[in-house]
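What follows is a set of notes on a single structure, which appears directly below.
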Amino acid sequence: MSFQPTNELETLIYAGDGDAVLALLETMSAAERSAQAERLGVVTDLMRYWWWNREVVHASWGMLATDGQRDAIAVAALACLPADQAARFRLPAKRAVEVVKRIRPEGTGSLAREFAGKGHIAAAMQLAAEGLSPYELDEDGVTGLIAMPRWNHYTREYLVDNRETLQPVLLKIFEVEGNSEDNLAGIDKYCKSERTWAWQLERLCEDGWFSRAELLDRCLGTLERDWPQFRSGWFSRFHGQLAPTLEEMAPNAARYLGMLQSRIPPTVTLALKACAKLFDKKQLGQRELLEVLPAVMLSAVKAQITAALKMLDSVVKRDPASANAATLVAIGGLQHTDPDVQQAIAERIAKWGMDAEGREALQSMAPFVAASVKPKLDALLASDPAPAEHGWQEIVLPPRAKPMSPLAPSRALQVPASLDDLVAMCARLLEDESDLDLFETAFAALLRAMPLADGDRARFAPVLKRARKVKMDPYEMKWCVSGEFARLLLRLVAGEQREAAHNRTGALGVLVERFDDASTFDLATHRGGFIDPAVLVQRAKELGTAVAQLPLRVQVRALLRLVPSADAATLAAAQELPATPFGQALCYALGGDWPVQPNEALCLAACRIRYPRSDDPIALLAFGAGRPDGAMAAQVDLYNDLVTWEGGEFFEPRASVVAPQPPVDSTLLAPYRFQGFWNDSEALILFGASLYPSSHEAVYADALPGLAHNLQYADVQWHHGAWMRLLAEPITEMTPAATKTLALALMGKDPGRLARAVDAFVAASLDGRLDVDALGKALLELIPLEYFMAARLATSLAMAAAADPGMPPVVVALLGRLCAVPSGEVPRDMAKLLQLMQELVLQYRLRPHTTALADLERLPLTGKAQTVRRALLDAIVTLPHAA
Amino acid sequence: MSTLAHAYHYAFASGLSDTGRPHLTLATSNANERPHFFEGRLLQPRLASELLTAVHLIVGSRFFLPANSLAKVLRLADPVVTCGEGALRFEGFSGCCSTYIRADFLPGAYDGDILGKGTTNVDFNAPMRAALARVRDSEGMDLSVGAEGVTINAVTESKVELPLRWLRGMLEVQSYQAGMRLRHTMNGLEALRFLRALPRNANGRTPLWIVAGPMGQRVTAQPSSEGVRMTDSSRLRVLETLAPKAKSVALYADEAQQSSAWVLDFGHARLTLALSAETWRGFSGEGQSLRALLRASGSPALSSVRAQLNWQSTLDPLAIAASLALPANEVTDALRVLGATGLVGFDVAASSYFHRVLPFDLALVDDLNPRLAAARELLEQQAVKIISNDPVEAQVGEHRVREVAHELHCTCPWFAKYQGGRGPCKHVLAVEATR
């Protein structure tokens, strides 16, 4: 049903007669106008005044709302509504002034500010100019003006309609930086049409609002302020759009020169182009240029140094006497790490020559010159190259070694020395859940301290008070371990039973079970969750047949935490145990006979300890092969799964080991860990890893697709750090899955996680756990899966090479291994890896393996990669072998 | 009270006039006087411009924006200039309270007259900085800090509300610097390469450690007692343009790795950049200064040492102790207290305090050190019950303070969380005060 006016005002609004509306409202008192406010709101809604699409007929209005009707209702709103509401209505500035002059509505004093706050600067300024409402254009107002194109699709019309008001102030948009939402760069970037501010300003210039010289002056003025790069980038681009002629640029030569010293790279690039033009046309002096170019030679941007070198070429060409001065300037560019830049500089120096000052400067830069450029530098200095004391050295890798024993004395968990130490430990664990070994230690100490005497219980008072306040977030996976520990503390020490705040399964569920079981049987004796077999045998002996009364999941957890052992004495002790299912399983785990009455959960746990990396043939016969880390040892790899959906197809990285079918419960703990077990909490990942510490394959089943998926994404996954912590541990065996996890992590984006990955790489290499060849193979396997980022890998390998004197050979060997990439799979940015190889080979005089050199020779390379390969192979050929 | 109202009174805007020889005139702030500290010329104009620009950049920076904060950068305190015995110092503090910067111009950096000694705010503005970007050594640059002939009527007053957190940080950073020790040195280009190799990602939550490697400094995620802990390396970007010009770059850190400082030495000028442990927290109460504040209550040494202050650019505790016939440790404590109350600053490169008076009315602020105030309250309530003296054990309210390996530990959540890394908790302070 269409709109039916209920009074004269509404009739006039519906008739679209704004002048009549104004005349009517003039006859009303302020109170009568205010009384119209509520109904006006209703009419506004019925008209759908705020609807974004003005071409839609709304049934509530019964017709397409006309411009007259919009004007009429806006006039009525301005007259009747409070200022903050009235300012939302879009009246042209002149119309608003007319209404205010005739009506003087209440709240006029703040009306201009309200209009400004809503972006209607013209109305605000005109009201102020007429003395009707105070307003002075400030930074907020200019920011509002900058933001206008976001919501006003008729910005051009608005500007033109209000030329008289806005022309004197519009260029203030060059002076106000704005904020993170509203700034020229952001507004134009997300502008959906061509009508960006850059477009608007060009049109206004054509209309005669401003001269080009004025726009250029303002633009340069802003660039000189060195605003943050994103915001100042707009001005660089606007300058490019303005495309000033030489005549327009010449008066600003000093400013362009000054901009060469800007901190903002795009500004420097703009200035370089301008100065090159100006110098070419003799609008810029050589002396001034030579004075400022040293700042450019310190740039991090290769293209800027190259542009500066070209300018120096022009200088020397025009004035050969300036060659020494040009050389001195060019030498500063040797600070750049790119060998190509250094090579280009060395070539200039060779061409231009140098005086004593230049020689001294060049000498001082010698430590910063890349190994591949060093011979050229030596030639320039006419110095003898450094004596090749050892010629080439064959690559000697750190000796391979088994992982450290989990039972090393240094890894034994310490018992708190006193109850006060335990209290302090508990207090710490409520605030910091990063150390899972500390949780284990505290858990063990608490269980052994029970029951507490009253005096001892009182010592826990401050900790219990805090425990009551710990809030875990099982959805964001925050404070889960501390939260459950708090619950445990309250139960054990204070007798307070608190229900779990969640019904989670997986790692968190097992943590809850563990704390609920509160059993000393599966307590770790060593870091990482390991139990010394001799200690477990002793625990079983103390329990005797009562071990069978323990919950099955406790018995399973205890078995899975064993350190794999072939110790005959321990087995002999185990064989003395009563013949319970646990006792038999324990014997089997330690090398004894298959149980007479095999319990599936216990036997599958035992066989994982007995056969850490391989399948158990007896268990396979007994229980089948259906579960990963059951009778069959899980061996995880990464593959791409093609997923089809209505939008198309995409590849999803997945682990090769699937969850057990049908699903299992936590008594089959090892297979259970492949069943949606993991989550985004570093502490819970480490806890989950500690449940079966002699194999992390289930961890890698989550890590591999997680890391692959995150390679290209900008969001940081903080919990990935848990995987790196595990890899860095000296007890972690570098299985193929572990090695591939490391390979992916070395190409990560987040600096924190990358640093951890590099640390893990260095640690595993130096302690002999890592097979460099296997790492190379893992990296090569990632290429066809498209999880290979050569540039990032080059960066992390460079970091690793700088970490320890033992690492350069490892990195060179790895790079040599990468040369075995199949011909059709040479990755993008291979040149960066080869360049790193070249620098390390030359710097440390390491001779790559013959196979690697042969692989390198046959690679189908082009461009830069080919050039680097040639230089590297030539260098190796020319130098002597090791003495 | 969460903020302190502070007013600037500038008679004009600082600016660089470049008609003829460039002349930088810096407007100083004072309601009643017209501080005029210096007239002369800077001997390395380009370097000086870059140092002043660096100060301005940090003052206008917020490296961390809490979720509920305004998007726009709020104006906080303008930089502070101190003119003492020959040294001109410009100090600034970032809006997020995580970064402190100071540019020192030593006597060899200028040729001119020290007309007055003192400390005041100085106006730095965007047009001035834009003009400084154009300065070249060949043109020279004169400098006026303050100006003659300014009439009172010309003064413009503008007010800001300084968050107490900001004020506290500005004070505490001096105490942290006093506790730092030198960890690494490198030359300017080594520093430049190292800085450029640092992660550009400003979201770094994982602390990294700067340690010595076989080819110079490197970063690792492994904690190192000899390394320097760092988060958010974007705070160091301001050093990139300056590092190549430095004769040396030194890196300092305190023992608890709660702060670090980079000092660029240019010969006659220095730049000090001090960073808090994380960008989302500033420099909270440093242990030694809190202890000194507690001990110094009513101490005659404090007033005696304060009376010795006369805009010295170096305060030697041993010399002061000798002249006042006081134990050196009492003088050191007194200097710590004066640092924590804004009356002296600390120059980590010179390893000494210097006299300067921050131009804020700190007398209005009761709770500059909340932990100290809380410790005093515990003492007033006689909440400390000493159980034993060797080893120390005490009950403070519901919490227990114990001596473990010569350090006092507490069962309170603060200590449990930070394990002493952020200074003593109020309970430990109260126990220390009792003994």
Side-chain angles (χ1 to χ4, degrees), chain A residues 139 143 175 177-181 221 224-226 254-255 257-259 261-263 287-288 291-292 295 298 300 332 335 337 365 367-368 420-421 423-424 427-432 459 461-463 465-466 716 718 721 724 728 749-756 758-759 799 801-805, chain B residues 46 50 53 57 65 70-73 126-127 129-131 133-138 189-190 192-193 196-201 203-209 213-216 218-222 231 233 237-238 240-241 244 393 397-400 402 404 409-413 415-419:
Chain A
E139 272 195 22
T143 304
E175 296 168 16
E177 200 179 325
N179 55 46
S180 57
E181 293 278 318
E224 286 169 330
R225 294 179 179 214
D226 272 359
R255 299 173 86 174
L257 209 55
M259 278 154 52
Q261 299 177 109
S262 169
R263 294 176 310 108
R287 187 181 64 86
E288 291 86 353
E291 199 177 341
V292 175
L298 294 174
Q335 56 78 23
T337 52
M365 296 301 282
F368 303 101
D420 285 324
D421 281 351
V423 170
R428 181 173 168 185
L429 290 169
L430 294 178
E431 311 296 337
D432 176 4
R459 301 277 190 108
V463 175
K465 182 179 174 185
R466 179 76 185 108
V716 180
W718 304 111
M724 298 309 107
K749 200 169 171 183
D750 170 63
R753 257 128 292 287
L754 187 67
R756 283 188 175 182
V758 169
D759 287 342
M799 283 170 65
D804 187 276
Chain B
R46 183 70 219 146
E50 290 184 25
T53 297
L57 279 170
L65 208 60
L70 293 174
K72 71 176 181 184
V73 174
R129 204 174 94 204
R134 294 197 291 271
V135 165
R136 299 207 298 273
D137 280 334
S138 60
L189 281 180
E190 285 170 352
L192 176 65
R193 283 200 167 178
R196 286 202 176 141
L198 287 175
R200 310 304 273 183
N201 185 345
N203 293 328
R205 229 169 66 177
T206 307
L208 297 176
W209 296 78
M215 303 300 294
R218 64 181 192 93
V219 288
T220 172
Q222 289 283 348
T231 56
S233 53
R237 281 202 208 131
V238 72
E240 283 183 25
T241 51
E393 194 173 336
E398 62 192 352
H399 292 293
R400 203 170 194 88
R402 296 183 305 138
V404 177
H409 289 206
C410 182
T411 55
C412 70
F415 189 91
K417 187 167 184 179
Y418 300 117
Q419 297 292 301

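Sequence lines set the chain letters: A, B, ... in the order given, protein chains first and strands last, and positions in each chain run from 1. No experiment lies behind these values; they were computed from the predicted model shown. Computed over heavy atoms, backbone and side chain alike; hydrogens, waters and symmetry mates excluded.
Put simply, CG on B:Leu189 and CG on A:Leu298 are 7.5 Å apart, with the number rounded to the nearest 0.5 Å. Taking CG of A:Asp432 as the start and CD of B:Gln419 as the end, the distance is 8.0 Å to the nearest 0.5 Å. Distance check: A:Asp226 CG to B:Thr53 OG1 gives 8.0 Å after rounding to the nearest 0.5 Å.
Between chain A and the options B:Lys417, B:Arg129, B:Arg136, heavy-atom pairs under 4.5 Å are most frequent for B:Arg136. Counting heavy-atom pairs under 4.5 Å between each of A:Leu754, A:Thr337, A:Leu429 and chain B puts A:Thr337 at the top. In terms of non-hydrogen atom pairs under 4.5 Å with chain A, the most contact-rich of B:Val219, B:Thr220, B:Val238 is B:Thr220. Taking chain B as the reference chain and counting heavy-atom pairs below 4.5 Å, the highest number among A:Pro805, A:Gly721, A:Ala254, A:Ala803 is found for A:Ala803. With respect to chain B, the highest number of heavy-atom pairs below 4.5 Å among A:Met259, A:Arg287, A:Lys465 belongs to A:Lys465. When the candidates B:Pro244, B:Gly397, B:Gly213, B:Cys410 are compared by the number of heavy-atom contacts under 4.5 Å with chain A, B:Pro244 comes out ahead. Chosen from B:Met215, B:His399, B:Glu398, B:Arg218, the residue pairing most often with chain A at heavy-atom distances under 4.5 Å is B:Arg218. Considering only heavy-atom pairs separated by less than 4.5 Å from chain B, the leading option among A:Glu177, A:Glu224, A:Arg756 is A:Glu224. Chain A forms the most heavy-atom pairs under 4.5 Å with one residue out of B:Ala131, B:Gly216, B:Ala221, B:Ala197, and that residue is B:Ala221. Of the listed residues (A:Val463, A:Asp420, A:Val758), the greatest number of heavy-atom pairs within a distance under 4.5 Å of chain B belongs to A:Asp420.
The shortest distance between side-chain heavy atoms of A:Arg428 and B:Phe415 does not fall below 4.5 Å.
Closest heavy-atom contact between A:Pro751 and B:Leu208: O-CD2, 4.5 Å. Closest non-hydrogen pair, A:Glu291 versus B:Ser138, comes out as OE2-OG, 2.6 Å. When all heavy atoms of A:Ala424 and B:Arg402 are compared, the pair lying nearest together is CB-NH2, 4.2 Å. Heavy-atom minimum distance, A:Glu431 versus B:Ala416: CG-CB, 3.7 Å. Nearest heavy-atom pair across B:Thr411 and A:Pro462 is OG1-CG, 3.5 Å.
Looking only at distances, no side-chain donor or acceptor of A:Arg466 sits under 3.5 Å from a matching main-chain atom of B:Cys412.
Among residues two or more places apart in sequence or in another chain, the salt bridge (charged side-chain N to carboxylate O under 4.0 Å, His left out) test is passed with A:Asp759 by none. Listed by chain and number, the residues in a side-chain hydrogen bond (donor to acceptor under 3.5 Å, both in side chains) with B:Glu240 are B:Arg200 (sequence neighbours excluded).
Contacts between A:Leu257 and chain B at a heavy-atom distance below 4.5 Å involve the side chain alone, from C-beta outward. Both the backbone and the side chain of A:Ala300 have a heavy atom closer than 4.5 Å to some heavy atom of chain B. Heavy atoms closer than 4.5 Å to chain B are found nowhere in A:Leu430, neither backbone nor side chain. With a threshold of 4.5 angstrom between heavy atoms, A:Val423 approaches chain B through side-chain atoms but not through N, CA, C or O. Within the 4.5 angstrom heavy-atom criterion, atoms from both the backbone and the side chain of A:Asp421 approach chain B. Contact annotation for A:Met365: only side-chain heavy atoms (C-beta onward) come within less than 4.5 Å of a heavy atom of chain B.
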Given side chain to side chain contact (heavy atoms under 4.5 Å, CB included), test B:Leu57 with A:Arg263 step by step and report yes or no.
CA-CA 11 Å; B:Leu57 279 170; A:Arg263 294 176 310 108; 3.2 Å; yes
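The environment of A:Glu139 atom CD is sparse: at most 12 non-hydrogen atoms of other residues, nucleotides or ligands sit within 6.0 angstrom.
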